[in-house]
Amino acid sequence: MTATDTNLSTKYDPKQTEAKWQKYWADKEVFKADPSAEGEPYCIVIPPPNVTGSLHMGHAFESALIDTLIRYHRMIGRNTLWLPGTDHASIAVSTIVDKQIKAEGKSREDLGREEYLKKAWAWKEESGTTIINQLKSLGVSADWTRERFTMDEGLSEAVKTAFVKLYEEGLIYRGNYLVNWCPASLSAVSDLEAENQEVDGHLWHFRYPLTDGSGYMEVATTRPETMLGDTGDAVNPNDERYKDYIGKTLTLPIVGREIPIIGDEFVEMEFGTGCVKVTPAHDPNDFEMGKRHNLPMINIMNKDGSLNENAGDFQGQDRFIARKNVVKKLDELGNLVKIEDYRHSVPYSDRGKVPIEPLLSTQWFVKIDPLSQKALGCLDNDNSPNYVPDRWKKVYRDWLIKLKDWCISRQLWWGHQIPAWYVVSETNNEIQDNTPFVVAFDEAEAENKAKEKYGNDIKLEQDPDVLDTWFSSGLWPFSTMGWPNETADLAKYYPNSTLVTGFDIIFFWVARMTMMAGHFTDKMPFDDVYIHGLVLDEKGQKMSKSKGNGIDPLLMIDKYGADALRYTLITKVVGAGQNISFDYDRKKKESPSVEASRNFANKLWNASRFVMMNLKGKTPQELGQPDKANLESCDKWILSRFYQTVKQTRSNIEKYGLGEAAKGLYEFIWNDFCDWYIELVKTRLWEDEGSTSRLVAQQTLGYVLNGILKLLHPFMPHITEEIWQTLTQAALLNPTNSEGTVQTLALQPYPEVAEDLINSELEQSFSLLFNVIGTIRNLRAESVIKPGEKIKVILQTDSEKEIKLLQSTESYIKDIGKVGELIITDSLEDPGQVTAGVTGTVQVLIPLTGLVDVDALKAKLQKKLDKVEKDIKSLSGRLNNPGFVNKAPENVIAGAKNDLAEAQKQAEIIKERLDRLK
RNA sequence: UGGGCUAUAACUCAGUUGGUUAGAGUGUCACAUUGACAUUGUGGAAGUCGGCAGUUCGAGUCUGCCUAGCCCAACCA
């Protein structure tokens, strides 16, 4: 294909083009970062998608944002790295693998750890490959040579290093605490993995008899089965009703245990009976109270949610079966007072989809306070990291303040196995709560450590549990760069420039990264945190797997092209952090918005086709830049608009206004360049070969188009590369340039602003011109004059300035307005029968040969007059108001006076026209 | 219950530090189309800016209250 080829399809076909350039970029390693190269670094690491299947629209959105930022910074000369990768997602993938083996009728234990992990890795390979391919089909300019996975060798080393260090510093401890237990996945889960759901439940009221036989205390509960583990009963010490009971004891029904009545201010006197049963082993609040009053903790439950030996007759029953049976029993015993309907929220396990059970168990914890304090310090002292938009800073800060210790152990197999080895030979060759252990980087080191303490004759067993997924993702910004080794990447690209992520994982992830980074690298992991919103479906609802209302990004890419999808997602984001809704016709599987973006791509395609056809085989380089002295006014105008657009685009991107930047480009390309400039320049292109005017038009067209492609490239990388390569013949002429750089638009410098070519006065003149043309078109349409028919037009104005301007653009008006005879005058001779309109103070008159619909014309003029008179009234009212004249700034008053004068002039013109029609 | 976000044309959304005559795209209606593009062009119609009050010479924009929707957190037994 050459630039002279006029046989380019009239339709842009994204499919072939996108695949072609993706391959080109990959083959030439265009996006491979070089830490030793020049340039201030700019680095974004991907928020690693979970290997749980495929990417959804939210990922596409986030990737489009990141890639646009990355491509922009690369083009403005920053040393850029976009590091891709995926996350192992411990619980989520375990759930998937569990399901797989359950379908085969087996259990985790049947398979054994090794076989289980093989299956998990196989799944990871499949899902990871899908995800990476999806990212590639979006055209992201990531450095694939640096692709990472949270469980690959390097990152596993980082995880072990972090764990061992934190342990040695006393920031990791093992202890018996109440944790959120998911009986479905048989693992502890974090607070964040619990999701509250409103359920219709009951509030059961029971009577517990006083041991001395003097009466009863009434308690209420939503979980009757836990009463089997009650070790106390609490009332508020200020509660007059019960004050005197404190210190007495109750006899727990069914169980027969004698439990004390304690006073604790935690108890709300107004709620229920003002009397609370205390079950320290099965409720977080009771756990705290139990600790305060030294109550025993009796665990009545097994890990699978069934009751254990402490539950007496109820042993072996599932918690929900036991609930019914306990109630029944209490009823039989006469201890059931009443059952109330009660709507309350119950924490459900995010992954297991069953109610979470607070359970006492031995787990590993990270002491959070020293870590969160450091992150808080960075935020408060250095505003680091900087949140965009600002309001998320508060959310992040509040979270850091109220953080509790972080339970990091998970009773799963898929993940980073905890680097702790138990000296099981000390406790009958099994791991017990009191089994001594050593924490070490690997088994050999563990053995050495253990032998020092327990002698040579020992047996070790590694902790079977794995770490919370977020432990490894907390290290992601630096572990991906090679930490704990001091690599060139780490030196150059860390801290990262920007983290682009959704608000939903500020707690899960962002806060953990800042804490880990603060501790291990002594700085915050990124300068800025750019928070984006969610992609909602066509009804404004969150897309989710369970609702089945997701929209497949690949389907959209297939239908409209990756550029169109990217562009749609980006133009929709206006205020940062705002959710965006994706319009979609579910039946037809079509999206009007993406279609509009596809149309925009096609418009650019055809405009480029037109330009290339008219450059007559020359590239913009060959044609050279236009000589300033020869520029005609419309050339100056489009250049002014172009540089204005460069300025706005750059400034918008710099402040994360990607949507505004994208919209600005759309308007410039479609309205200014296609609708006006190309139209204005057409007749010059039909001129003879030697014509300077023609040459300057060609040069300007080539120059501006080249600039447009660069400006738009970060947003629509494929189509711009395709057109640019055709236009400039860059890769064909010379696959690499003199410095050995690959010829690609992606590595071209982004256009710079040329302030001296921005001319706002000229732009104003052109807007008058466009208004005049608009009025002519309007009058033609209303008078049913055929669009092609050349007509006579009289433009009348008293303003000398306007006359000059109109004269200078006479040929444009004739061309575009399809005007045969154009008279520009300041005199008001009666032209006979005309149709007329007004723009500013320019009167537009079109003499009519046929019949004029006088009534229609009058009505139209009258309507305009009404509007103008309303304006006059409002403006003069204001100017007559002493308050306004005295207090408003001068320029505002001057503006109002000006507007009033113009409106009065308009009114005068319209009135005169109306008079003539009488 | 607390916090946050949102409310502007039929739909999706813009609207800078208050400056008065509120914009765009989609849709809709009319007309057009043989020298880039029907994935197009030109033109038209369409809005008491959620409600009430306040500040101000002036409020879509600032303040308060209210209403509706969404999100987060706590929701206590």
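By convention in this document, chain letters (A, B, ...) are assigned in the order of the sequence lines, proteins followed by strands, and residues within each chain are numbered from 1.
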Kindly point out which of [options] is positioned nearest to the side chain of [X]?
{"X": "A:Trp686", "options": "B:C37, B:U20, B:G35", "value": "B:G35"}
{"X": "A:Met613", "options": "B:A36, B:U21, B:U40", "value": "B:A36"}
{"X": "A:Arg391", "options": "B:U21, B:C37, B:C5", "value": "B:C5"}
{"X": "A:Lys11", "options": "B:G25, B:A36, B:U39", "value": "B:U39"}
{"X": "A:Phe503", "options": "B:G41, B:U20, B:C71", "value": "B:C71"}
{"X": "A:Asp675", "options": "B:A36, B:U12, B:U42", "value": "B:U42"}
{"X": "A:Arg777", "options": "B:C13, B:G43, B:A36", "value": "B:G43"}
{"X": "A:Lys682", "options": "B:U40, B:A36, B:C13", "value": "B:A36"}
{"X": "A:Lys542", "options": "B:G43, B:G19, B:C72", "value": "B:C72"}
{"X": "A:Ile678", "options": "B:A36, B:C13, B:G3", "value": "B:A36"}

With hydrogens left out and only the distance checked, is there a donor-acceptor pair under 3.5 Å joining A:Glu667's side chain and the base of B:A14?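 Answer is no: no donor-acceptor pair is held.
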Looking at B:U39, does its base get a donor-acceptor pair with the side chain of A:Arg598 below 3.5 Å?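 For A:Arg598, whose side chain was compared with the base of B:U39, there is a donor-acceptor pair (under 3.5 Å).
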Whole-Å [atom1] distance, [N] and [M]:
{"N": "B:C65", "M": "B:G4", "atom1": "P", "value": "11 Å"}
{"N": "B:G19", "M": "B:U56", "atom1": "C1'", "value": "12 Å"}
{"N": "B:U21", "M": "B:C5", "atom1": "C1'", "value": "32 Å"}
{"N": "B:A46", "M": "B:G23", "atom1": "P", "value": "14 Å"}
{"N": "B:A9", "M": "B:A24", "atom1": "P", "value": "14 Å"}
{"N": "B:C49", "M": "B:A14", "atom1": "C1'", "value": "13 Å"}
{"N": "B:U8", "M": "B:G47", "atom1": "C1'", "value": "7 Å"}
{"N": "B:C62", "M": "B:G18", "atom1": "C1'", "value": "7 Å"}

Look at all strands and tell whether [X] reaches a base, only sugar-phosphate, or nothing, counting heavy atoms closer than 4.0 Å.
{"X": "A:Trp204", "value": "nothing"}
{"X": "A:Glu679", "value": "base"}
{"X": "A:Thr222", "value": "sugar-phosphate"}
{"X": "A:Tyr342", "value": "sugar-phosphate"}
{"X": "A:Pro882", "value": "nothing"}
{"X": "A:Cys674", "value": "base"}
{"X": "A:Val267", "value": "base"}
{"X": "A:Asp398", "value": "nothing"}
{"X": "A:Ala888", "value": "base"}

For the [atom1] atom on [X], are there more than 12 heavy atoms of other groups (residues, nucleotides or ligands in this structure) within a distance under 6.0 Å?
{"X": "A:Lys790", "atom1": "NZ", "answer": "yes"}
{"X": "A:Asn891", "atom1": "CG", "answer": "yes"}
{"X": "A:Lys559", "atom1": "NZ", "answer": "yes"}
{"X": "A:Lys603", "atom1": "NZ", "answer": "yes"}

Which nucleotide, in any strand shown, forms a Watson-Crick or G-U wobble pair with [N], with both distances under 3.5 Å?
{"N": "B:U61", "answer": "none"}
{"N": "B:C70", "answer": "B:G4"}
{"N": "B:U42", "answer": "B:A30"}
{"N": "B:G23", "answer": "B:C13"}

Between A:Phe884 and A:Ser581, who's closer to the 5' end of RNA chain B by nearest nucleotide?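 Result: A:Ser581.
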First of A:Asn599 and A:Pro592 reached from the 5' end of RNA chain B, by closest nucleotide: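 Nearest nucleotide further toward 5': that of A:Pro592.
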Starting at [atom1] of [X] and ending at [atom2] of [N], how long is that distance when rounded to a whole Å?
{"X": "A:Leu779", "N": "B:U42", "atom1": "CG", "atom2": "P", "value": "17 Å"}
{"X": "A:Lys786", "N": "B:G41", "atom1": "NZ", "atom2": "C1'", "value": "18 Å"}
{"X": "A:Tyr12", "N": "B:U40", "atom1": "OH", "atom2": "P", "value": "16 Å"}
{"X": "A:Asn881", "N": "B:U56", "atom1": "CG", "atom2": "P", "value": "14 Å"}
{"X": "A:Arg609", "N": "B:U39", "atom1": "CZ", "atom2": "C1'", "value": "13 Å"}
{"X": "A:Tyr677", "N": "B:G41", "atom1": "OH", "atom2": "P", "value": "19 Å"}
{"X": "A:Leu875", "N": "B:U21", "atom1": "CG", "atom2": "C1'", "value": "8 Å"}
{"X": "A:Arg878", "N": "B:U21", "atom1": "CZ", "atom2": "C1'", "value": "9 Å"}

Validate the cation-pi geometry between A:Arg598 and A:Tyr560: distance from NZ or CZ to the six-membered ring centre under 6.0 Å, angle to the ring axis within 45°.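 The answer is no; the distance or angle limit is not met.
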If we only count heavy atoms from C-beta on, is the A:Trp204 to A:Arg323 side-chain gap below 4.5 Å?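 Contact flag for A:Trp204/A:Arg323 side chains = yes.
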Flag the pair A:His282 / A:Glu225 as yes when at least one side-chain heavy-atom distance between them is below 4.5 Å, and no otherwise. no
Distance check: side-chain N/O of A:Ser874 vs OP1/OP2 of B:U21, anything under 4.0 Å?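 The answer is yes; a side-chain N or O of A:Ser874 sits under 4.0 Å from OP1 or OP2.
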Can you tell me if the side-chain N/O atoms of A:Lys818 get under 4.0 Å from OP1 or OP2 in B:U42? no
Please state whether the rings of A:Phe673 and A:Tyr677 are parallel, tilted or perpendicular, taking 30° and 60° as the class boundaries. parallel
Quick check: A:Tyr396 with A:Trp392 (ring centres under 6.0 Å apart)?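 No, ring centres 6.0 Å or more apart.
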